[in-house]
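Both ligands and their constituent atoms are indexed starting at 1 by order of listing. Just so you know, these numbers use all the heavy atoms, side chains as well, and skip hydrogens, waters and symmetry mates. Quick caveat: nothing in here was measured; it's all calculated off a predicted structure.
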Amino acid sequence: MWARNLDSDVQTLSGVGKHLASTYAQMGITTYSDLLHLLPRGYEDRTTIVPLGLIGEGAYANTLVEVTGHSYFGSARKRTLKVTVQDISGEGDARASLLCFNRNYLEKVFRIGSRFYLWGQFSHHWGELQSSQFEMVHVTHSIEEAAGYGSLNPMYPLSGKLTQKGVRRHVQDMLSRIPVLEEELPEYIKQKYHLMSTDNAFRAIHTPSTMDQVNRGYRTLAFTELFYLLLLNARTVHLRPHGGAVRTESGKALQNRLLDLLPFSLTDDQRTCLDEILKDLESRQVMNRLLQGDVGSGKTLVAWISALSVIASGGQVAFMAPTELLARQHAEQAASYLEPLGIRLAFITGALKQKARGYLLEALKKKEIDIAIGTHALFSDDVTFENLKYIIIDEQHRFGVLQRAKLREKGIDPDMLMMSATPIPRSLALTVFGDINVSTIHQMPKGRLPVTTYLVKEESRSRMYRSVQVEFERGHQAYFVYPRIDDTGESDLRDVSSMFDFLSTTMYPGVPSAFIHSRISEDEKLRILHDFRDGRLTYIVSTSVVEVGLDIPNATVMVIEHAERFGLAALHQLRGRVGRSDLQSYCFLVYNSPLTEDAQKRLKVLKETNDGFLISEQDLLIRGPGDIAGVKQSGFLRLKFASLTDDMEMIQEVKLLVDELIAQDEGLLEARHTRIRNVLTYAPYQHESQ
Ligand code: ADP
Ligand code: MG
């Protein structure tokens, strides 16, 4: 036997010829290292004897039996041997039948009265315990000596002619040829977190003697993997050029004036988040903070208040929203809050006429404007600031990293506040978005009633229509949302056009209404939404274009049809259009049976909670992390040992460790790229850095 290194070809293993080598190659395995990283799907536990009577339905187990009889069943031409056995493990006298399909010769092997170790999968059929998947080994001496018995066997993913026994042999051969694997974690970390050595960890998952070893092996490898990934993703804040600090003291007076003008006081969460932001603004490091909280939790107000500090110390502010409509809503809100304080605002959109635009841009450049509010139009090249110090971005996930960077270039190290109503699960925020600090508003402003959510079966829609009617009679307004614009004939999905016809002529004749969708011009959409906001329209029928940020307090009904077709986050956002005042609001989720299992879960989550954070956690569990914005870029999806959903606790533990290490030794940060590349031989990350 030849000693080899990890790069050796699998074909040098005994028992692996050309043919198996090509099967392995199809599985992506060409070297010893690849085989080392072929992870078992599970383990068959042949370490203990389970009495026949105690084996779970459908479970594989080891037991000890005596053969008590033979019989045959099936047609004369295709007779099948049935061997009856009785438990002799010492507890009870349970019996089972072994169906020997195509193995009638076993009659000669399993003689009546002989004793065997029996490994198999058992289930009840026809009033008896049966198995057709089994292996038997004669009891000769002790169980330890019976082949395959007494051991914990890894079960590998297979392909082609590969068998479990074969792969196990190849892996063991590989493990016996390679040198001791290089240590990947410092000794003190291994001790502190009770981890194995890298070498022991790999051997534990391939050739374990207990499940406990397997678990510790995985824990070690997952920990190591997370450790390096988090180090890689660690706060780049420390490396950034330091920004000029904002003197928040000078803003205090302005802030107090605004707070005095407000007809309400801030919630505790709003205060806490505001303090966190102000502290960042005061520091000499560039702020990169995410402010998250459900729609209507008062994020934007917090952002405006923080902006006052920047303005008071001579800086300018850019506020960017993803759509014209939202930008306008923010501009109007800002005007009502801030203009009384003498703050100069400009609303910059793509729709501005050339002359007005030229005038505004000039004013912005000369710092005659304190806050520019707008859409993507804000980062066109002709938009320049004299002293851009602070960037606020609404619905940050709708903008790309590059777009944010482009806006950032318009100032010298401006501080950045991103807002999101699509909460990122805390654990992800802490890890995947490692260089972002997070502030969270959990509470809603006082007096808000949680939206009541009903799941409506197709058959009960008439009751729903009546409930909506009652809300209309109370002077309240409604949204009806459908997945399609018009009837394409392909499916029986309800659509905006036909339902608008139905609602406006048959169901609610005479009640003023309109419809919007993506093919309606931006101007027309704005006009309709203004009419809706001012109460000239009682309901609007739309596609999910009303999803983001719209703030119409008098709307108390949200009807979403074919709710099973929307994702959790989208449904939560849509529902967030209502419940925006002290009026009781209702959300009707109309669905068509039968529901898929996932759809059932989604609707149940929505019915049971209004908490956006809980919903995002559930979303993560149901969909997996791949769809959450930003996760793909983070390298987390390439994890081999750790799981974003199952290892949250470990992720947080490792995150704390990494932060601690970096705080102690900033050099670690600079060293991390080369160091990680060298160490992570088993997970070749190509980190797409920002
Ligand atoms: P978000 O940006 O989180 O969606 P906004 O800041 O736009 O929320 O606030 C939503 C509405 O609630 C606004 O009309 C705002 O004036 C109001 N609001 C904000 N904070 C409070 C509060 N503490 N008490 C009552 N109303 C508030
Ligand atoms: Mg908002």
Please confirm whether Gln329 approaches ligand 1 to less than 4.0 Å, judged on its heavy atoms. no
With backbone taken as N, CA, C and O and side chain as the heavy atoms from C-beta onward, which portion of Asp294 lies under 4.0 Å from ligand 1: side chain, backbone, both, or neither? backbone
Note: Tyr337, heavy atoms under 4.0 Å from ligand 1, region reported as side chain
Under 4.0 Å between a Lys/Arg side-chain N and an Asp/Glu carboxylate O for Asp294 and Arg448? no
Please collect all salt bridge (Lys or Arg N to Asp or Glu O under 4.0 Å) contacts where either partner lies in residues 313-332, sequence neighbours excluded, each pair once. Glu332-Arg533
Taking distance alone, with no angle check, do Leu266 and ligand 1 share an N/O pair under 3.5 Å? no
Would one find an N or O of Phe264, backbone or side chain, under 3.5 Å from an N or O of ligand 1? no
Asp382 and salt bridge (charged side-chain N to carboxylate O under 4.0 Å, His left out): which single residue from Lys365, Lys410, Arg357 fits? Arg357
Leu301, any N or O under 3.5 Å of ligand 1 N or O: yes
Under 4.0 Å, heavy-atom basis, I'd like to know which part of Thr300 is in contact with ligand 1: side chain, backbone, both or neither. both
Residue-level breakdown please: for Gln333 versus ligand 1, do any non-hydrogen atoms fall below 4.0 Å on the side chain, on the backbone, on both, or on neither? side chain
Counting only heavy atoms not in Phe264, do more than 12 sit closer than 6.0 Å to its CZ atom? yes
Can an N or O of Arg580 be found at a distance shorter than 3.5 Å from an N or O of ligand 1? no
Salt bridge present between Lys279 and Glu282 (N-O < 4.0 angstrom): no
Quick note on ligand 1: atoms under 4.0 Å from a heavy atom of Ser265 include exactly 22 (C), 23 (N), 24 (N)
Of the backbone atoms (N, CA, C, O) and the side-chain heavy atoms from C-beta on, which set of His330 has a member under 4.0 Å from an atom of ligand 1: side chain, backbone, both, or neither? neither
Answer yes or no for Ser297: is there a heavy-atom contact with ligand 1 below 4.0 Å? yes
Part of Gln270 with heavy atoms under 4.0 Å of ligand 1, whether side chain, backbone, both or neither: side chain
May I have the step-by-step check of side-chain hydrogen bond (donor to acceptor under 3.5 Å, both in side chains) for Tyr508 and Thr538, ending in yes or no? CA-CA 10 Å; Tyr508 306 120; Thr538 300; over 6 Å; no
Electrostatic pair Glu249-Lys252, nearest N-O below 4.0 angstrom: yes
So, the side chain of Arg474 versus the backbone of Val470: is there a donor-acceptor pair under 3.5 Å, distance only? no
Would you mind listing which atoms of ligand 1 come within a distance below 4.0 Å of any non-hydrogen atom of Thr267? 23 (N)
Okay, side chain of Gln270, backbone of Val302: is any donor-acceptor separation there less than 3.5 Å? no
